[in-house]
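One structure is given here, and the rest of the page talks about it.
Order of the sequence lines fixes the chain letters, A, B, ..., with proteins taken first and strands second; residue numbering starts at 1 for each chain.
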There are 2 protein chains.
Amino acid sequence: MTMVRNTRQRQAVVQALRETHTHPDAAWIHGQVRATLPSISLGTVYRTLDALVRDGVVMTIERAGQATRYDYKHEGHGHHHVVCRTCGAIYDIPAEAVPMPASGLPQGFQVQDVRLEYHGVCTDCTRAEKRG
Amino acid sequence: MTMVRNTRQRQAVVQALRETHTHPDAAWIHGQVRATLPSISLGTVYRTLDALVRDGVVMTIERAGQATRYDYKHEGHGHHHVVCRTCGAIYDIPAEAVPMPASGLPQGFQVQDVRLEYHGVCTDCTRAEKRG
DNA sequence: GTTCTTGCAAATGTTTTGCAGCCCG
DNA sequence: CGGGCTGCAAAACATTTGCAAGAAC
C-alpha cells in the first residue's frame, strides 16, 4: 500500500505556495524554498507540485512553451483566472458563479478540476502594441 | 503596415483543422499537410497555428509538457473541453451556457478567448488505475 | 528494516528562432 | 519589386526520469 510521506520538502513547498498570491512557477518556488532548505532540487519541487495537484490542493495555469504557474486553493476563495497572452500576467476573478460540470460529460468521467480562464491582452500590453 | 498573406501553407493548415474533430497537435497537422505540401516544415506549421490563434479562428488546449492541441472554431458549435489527465483524451461538451466575462476583469483587459475546461480522469484510465 | 523520497544530471520533447532565399500581392 | 513567409537546423526551455543514497514510518 502506497503512503504519502510528510517530508520537509513537501512542507516547505506548501508553505511557499500559501504565502504568496503571485501564481508562481516552479523555478520561483524553488528559489523561495531554498531559503530554508538550501539543497532541495528543482526536480523535487516539480515532483512535489505534481503530488499537490493530484491531491487537489493546488491548481495550475498551463501555457505552451511557458512555465506552469501554480495556485494554492485557499478555502472559500474560489476564483477564476485572467491570463495575458503577451506578458503572462495572471489576475484573479472571484468565482461568482462557479460553472458546475454540465450534463454531457463522458460516461464515468471523474472531474477533479474545473478551470475557467479568460485569455487576452492586458492594458499595458495593448498600449505597447499600439505604439508598435 | 503588416498584412497577412494567404499562402498555400496557411490554406492547407486551415483545411486540415477543418476536416478533423480530433483536437490534433502540431505534429499530426504537419503530417496531414505534408500530403499536399510535402516540403512544409514543422516550424511553419507552428507559425501558422500561432497566427490562426491570434486571429481567433482556432483555439488551443494547453498542457505542460504535452503538445498543444488545436481546435478549429466551427461557427454555431461553441463547446467546452473535457481533458483526461492520464491519457490526454479530449472530449467536447456543448456550450449550453457560455460563461460571459464576469465583472471584475482588470481595467481595459481585452478578452480574446474564454476557456472552460473540466480536467480529470476518463473511464478507461480510472479502470486501469484500479487494476494497479 | 522497508519503502518512499531526494539530488543529481542526463534525457526528452515541444516550441522558438536566426537566416538566406522565396513568393504573395 | 518589397516585405512578409518559408525551410532548415540549431537553440532554448520546461519538464521528466534513472539511479544510488538518504529519510520516513
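Of the residues near DNA chain D, Val45(B) and Gly65(B), the one whose nearest nucleotide (by heavy atom distance) lies more toward the 5' end is Val45(B). With DNA chain D read from its 5' end, the first of the two nearest nucleotides for Ala64(B) and Thr48(B) is the one closest to Thr48(B).
Arg69(B) contributes a side-chain N or O that, together with a main-chain N or O of His23(B), makes up a donor-acceptor pair within less than 3.5 Å. A distance-only check finds a donor-acceptor pair linking the side chain of Glu62(B) to the backbone of Ala64(A) [under 3.5 Å].
Atom pair Asn6(B):CG and dG3(D):P shows a separation of 21 Å (rounding to whole Å applied). As a whole-Å value, the separation of Gln66(A) CD from dC13(D) C1' is 10 Å. One can place CZ of Arg47(B) at 11 Å from P of dC8(D), the figure rounded to the nearest angstrom. Straight-line distance from the CD atom of Glu62(A) to the C1' atom of dC13(D): 16 Å, rounded to whole Å. Nucleotide dC5(D) holds its P atom 12 Å from the CG atom of Leu52(B), rounded to whole Å. Going from atom CZ of Arg54(B) over to atom P of dT16(C) covers 10 Å, rounded to whole Å. A straight line from CZ of Arg69(A) to P of dT15(D) spans 11 Å, rounded to a whole angstrom. For the pair Arg63(A) CZ and dT15(D) C1', the computed distance is 17 Å after rounding to whole Å.
Arg115(A) and Asp113(A) are joined by a salt bridge, as a carboxylate oxygen and a charged side-chain nitrogen come within less than 4.0 angstrom of each other.
Looking at residues 8-42 of chain A, you'll see Arg8(A) sit with a heavy atom under 4.0 Å from some atom of DNA chain D.
Residue Tyr46(A) places at least one side-chain N or O under 4.0 Å from the OP1 or OP2 atom of dT15(D). The shortest distance between the side-chain N/O atoms of Thr7(A) and the OP1/OP2 oxygens of dT6(C) is below 4.0 Å. Look at Thr68(A) and you'll find a side-chain N or O under 4.0 angstrom from OP1 or OP2 of dT15(D).
On a pure distance criterion of 3.5 Å, a polar donor-acceptor pair joins the side chain of Arg5(A) and the base of dC4(C).
When only modelled atom types and interatomic distance are considered, Asp71(A) and His81(A) share a side-chain donor-acceptor pair under 3.5 Å. For the residue pair Gln15(B)/Gln11(B), the side-chain donor-acceptor check at 3.5 Å is not satisfied.
Close placement of the His74(B) and His21(B) rings is indicated, their centers lying within 6.0 Å of each other.
Note that CD of Gln110(B) is 10.0 Å distant from CG of Leu105(B), once rounded to the nearest 0.5 Å.
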